[in-house]
Every structure is written in C-alpha cells, then in structure tokens.
Amino acid sequence: MSVPSLSHYTDIDILTSEQFWGLLKLAKQLKDEWTQTGRNEPILAGKALAMIFEKPSLRTRVSFEMGMQHLGGYGLYLSPAEIGLGTRESPADVIRVLSGYVDGVMARVFAHRYIEEMVAWGSVPIINGLSDYSHPCQALADVFTIWEQLGSVEDKTLVYVGDGANNVATSLLMAAGKVGLNVRVVAPRGYVPSPEVLAASEVEVDITDDLSGVRGADVLYTDVWISMGDEDERQERMAVFPPYQINSQLAQRVENENVLVMHCLPAHRGEEISDAVADGERSVLFPQAHNRLHAQKAILAHLLGGVRLPS
Ligand code: CP
Ligand code: NVA
C-alpha cells in the first residue's frame, strides 16, 4: 500500500508517522543520489517555487534555492520589503496571485496564522519555512541527521536545553512523536512547551529546570535564547537563561561520550553554546546544517514533483 500524499508541509503534527518516515526515506534517496553521482534527476524541470521571507535566513533560503536548482527547477526569492505580507497586501491576496505564477510557495513569517491563511486561500502547496510557532523543515533535517549519525532514532533520547517554548523545540517535539524518539526538555520555568504543543506531540515529554536532566542524553540540542521577533524580551531572558548554556562542564554531566551535540544555527556563541562544544568532536552542527538541503529536496520532490513517499 502506498503512503498517502501530502498537500502541504506546514507542521509535523498533521503528518502520519509513515508520511514523516516517507519524507526521511526520500531525503536519504536524494542525498545518496547526489553524493554518489553528483547530480539529481531533474524531476522539477519547469517547476518554480516562490520563497517569501519576512525574516532573515541563510540555511533555509540557500537550501531551498539550491534544492530547486539541483532538481531542475527554479527558486524565486522574495525579500521582506518586496511583498509586505499583511501590510502592502494580505496573505490571502498574495497567495491567490502567486498560485497563478508558481508551483509552490515556501514562506518564513512572523505570525503562524499567515501560513494558515495561505493554505486556506492558495491553490499550490505551502511550505512553512519557520514561523513564530514552528519550524518543521528544521526538525525533518534534524531527525534525518540523528538517523544518519546514530543508525536509528527509536528509543534514543534527545535532551533539548534552553527555550523549550520556541518554534524549533515545538517542531522537534512533534517530530519525536512520529519516530519514537524520547524527549526531555531542560528549561527555565516559563519557557517550557505549552499544553497544546505537548498534546500535539504524541510523546511523553519529561520537563525539568534541573540541569542534571541532561544525564544519559544521546542528543544534546539547543537553540538561541532570543528568537527572531523576541528581541524586546532580551533583558528578562538574559536574566534566566545563562545557567542553561551548553558548555564543556554541562556536556560532562551527560555521561555519554558518544552524545551528539546539535543546534539549528545561527548560534549565539557564548550564550546558549560555548565555542568549545560547538566546535568540539561531538558537534554535528555543520552536517546538520548541510542536511537541510536534502530534507528540503524531499519536501520539494514530493509536493511539487509528485514523487511518491516511500513506505
Ligand atoms: N536554521 C535555520 O533555519 O537557519 P536560517 O535562519 O539561516 O534559515
Ligand atoms: N528559534 C530561532 C530559530 C532560527 C532558525 C528563531 O526563530 O529565531
């Protein structure tokens, strides 16, 4: 039986476990093809992706644009000033216009409801390239990286240290539930996943503010303490987060010399992660960033190219 196709990739909780695994397997096929032959089949020839950005980006912008190019298609970058999403023009109007020009839209937005409005009004696949709520493209690449590095994900334990309420943490929790990855969140009070996110994650999540919670981790994961859009909270956040820095001392408390250290990047080195750990021998920060390319290709090949999800 084939795996049912997706219409959009806006959040991981709307996928079944087999759909999420389908994307992981497709990412592996496309990565293997790329690394073994130096090219991919042009399955997106004649297809175009519009990429709307309300916020800055390195990885998301470049991996989507190069992903389109490697698959024979075209990625069109639209800067924050050009579109004026919600100011110059409503998301509903923008997406109805774009639906007549391109074959898919990837959007990085402040308000998650803009993603939902585009799904409601558009007639092409919508991809969430990060919102204030979630970052599902990142979590796909992250689970792919854990799978690649550890050989399996089921029953491994990921400990997320830092802002457990942010977009990256939210999508990781949702992804964990799809693949049977155990998750512990080590975060200051007030920065933990919401009850809604915990319910959507379909996974038992241990939550603690005690740093001894890192013990036994297979993966130690962190992200910035101040996400894009949270800059006005800098003072209050910097008052509570510094003990949660992933540094050599905290890494020792894991008591697993094979632990993988992950960060979605960009890193604020000296805040949530020290240079010694970010550049240390357990760090997979750059393979993780590079896997964004392969994860993006899987989403694009499926949504824009009609490539079936492997079972
Ligand atoms: N991790 C990530 O999404 O990076 P960018 O903000 O540079 O796209
Ligand atoms: N939580 C971060 C992730 C950046 C990729 C942010 O939203 O700024």
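Reckoned from all heavy atoms, side chains included, excluding hydrogens, waters and symmetry mates.
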Could you tell me whether [X] and [Y] make a salt bridge, using a distance below 4.0 angstrom between a side-chain N and a carboxylate O?
| X | Y | result |
| --- | --- | --- |
| Asp218 | Lys156 | no |
| Glu271 | Arg234 | yes |
| Asp163 | Arg237 | yes |

Around atom [atom1] of [X], are there more than 12 heavy atoms of other residues, nucleotides or ligands at under 6.0 Å?
| X | atom1 | value |
| --- | --- | --- |
| Trp121 | CH2 | no |
| Arg88 | CZ | no |
| Gln249 | CD | no |
| Glu204 | CD | no |
| Glu281 | CD | no |
| Glu89 | CD | yes |

Worksheet item: Side-chain contact, heavy-atom cut-off 4.5 Å: Ile52 with Met118?
Response: yes
Discussion item. With heavy-atom distances below 4.5 Å as the criterion, would you say the side chains of Thr10 and Ile127 are in contact?
Written reply: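 SC-SC contact between Thr10 and Ile127 ruled out.
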Fill in: Parallel, tilted or perpendicular, as decided by the 30° and 60° cut-offs, for the rings of Trp147 and Trp21
perpendicular
Item to complete: Specify whether Phe286 and His290 have parallel, tilted or perpendicular ring planes, treating 30° as the upper limit for parallel and 60° as the lower limit for perpendicular.
Response: tilted
Discussion item. If you apply the rule side-chain hydrogen bond (donor to acceptor under 3.5 Å, both in side chains), what do you find for Glu148 with Thr145, and how did you get there?
Written reply: CA-CA 5 Å; Glu148 186 176 57; Thr145 304; 5.1 Å; no
Worksheet entry | Geometric cation-pi criterion Lys28 and Phe144, 6.0 Å radius, 45° cone | no
Worksheet item: Yes or no on side-chain hydrogen bond (donor to acceptor under 3.5 Å, both in side chains) for Gln245 and Asn247, after CA distance, side-chain angles and deciding distance?
Response: CA-CA 6 Å; Gln245 182 188 75; Asn247 51 34; 3.1 Å; yes
Count I, L, V, M, F, W, Y as connected when their side-chain heavy atoms are under 4.5 Å apart, and connections chain through other members. Are [X] and [Y] then in the same cluster?
| X | Y | value |
| --- | --- | --- |
| Leu26 | Val179 | yes |
| Tyr9 | Phe53 | yes |
| Val3 | Leu140 | yes |
| Val153 | Met174 | yes |

Worksheet item: Any donor and acceptor pair, going by atom type alone, linking the side chain of Lys178 with main-chain N or O of Leu15 inside 3.5 Å?
Response: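 Present.
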Pairing donors with acceptors under 3.5 angstrom, does anything connect the side chains of [X] and [Y]?
| X | Y | value |
| --- | --- | --- |
| Lys297 | Asn40 | yes |
| Asp210 | Thr208 | no |
| Glu272 | His263 | yes |

Discussion item. Assess the residue pair Phe64 and Tyr77 against the criterion (ring pair (Phe, Tyr, Trp, His ring centres under 6.0 Å)); give the C-alpha distance rounded to whole Å, side-chain angles, the decisive distance to 0.1 Å, and a yes or no.
Written reply: CA-CA 10 Å; Phe64 267 104; Tyr77 171 74; over 10 Å; no
Worksheet item: Checking side-chain contact (heavy atoms from CB on, under 4.5 Å) for the pair Asn128/His112: CA distance, chi angles, key distance, verdict?
Response: CA-CA 9 Å; Asn128 173 3; His112 188 74; 3.6 Å; yes
Worksheet item: Less than 6.0 Å separating the ring centroids of Trp225 and His268?
Response: no
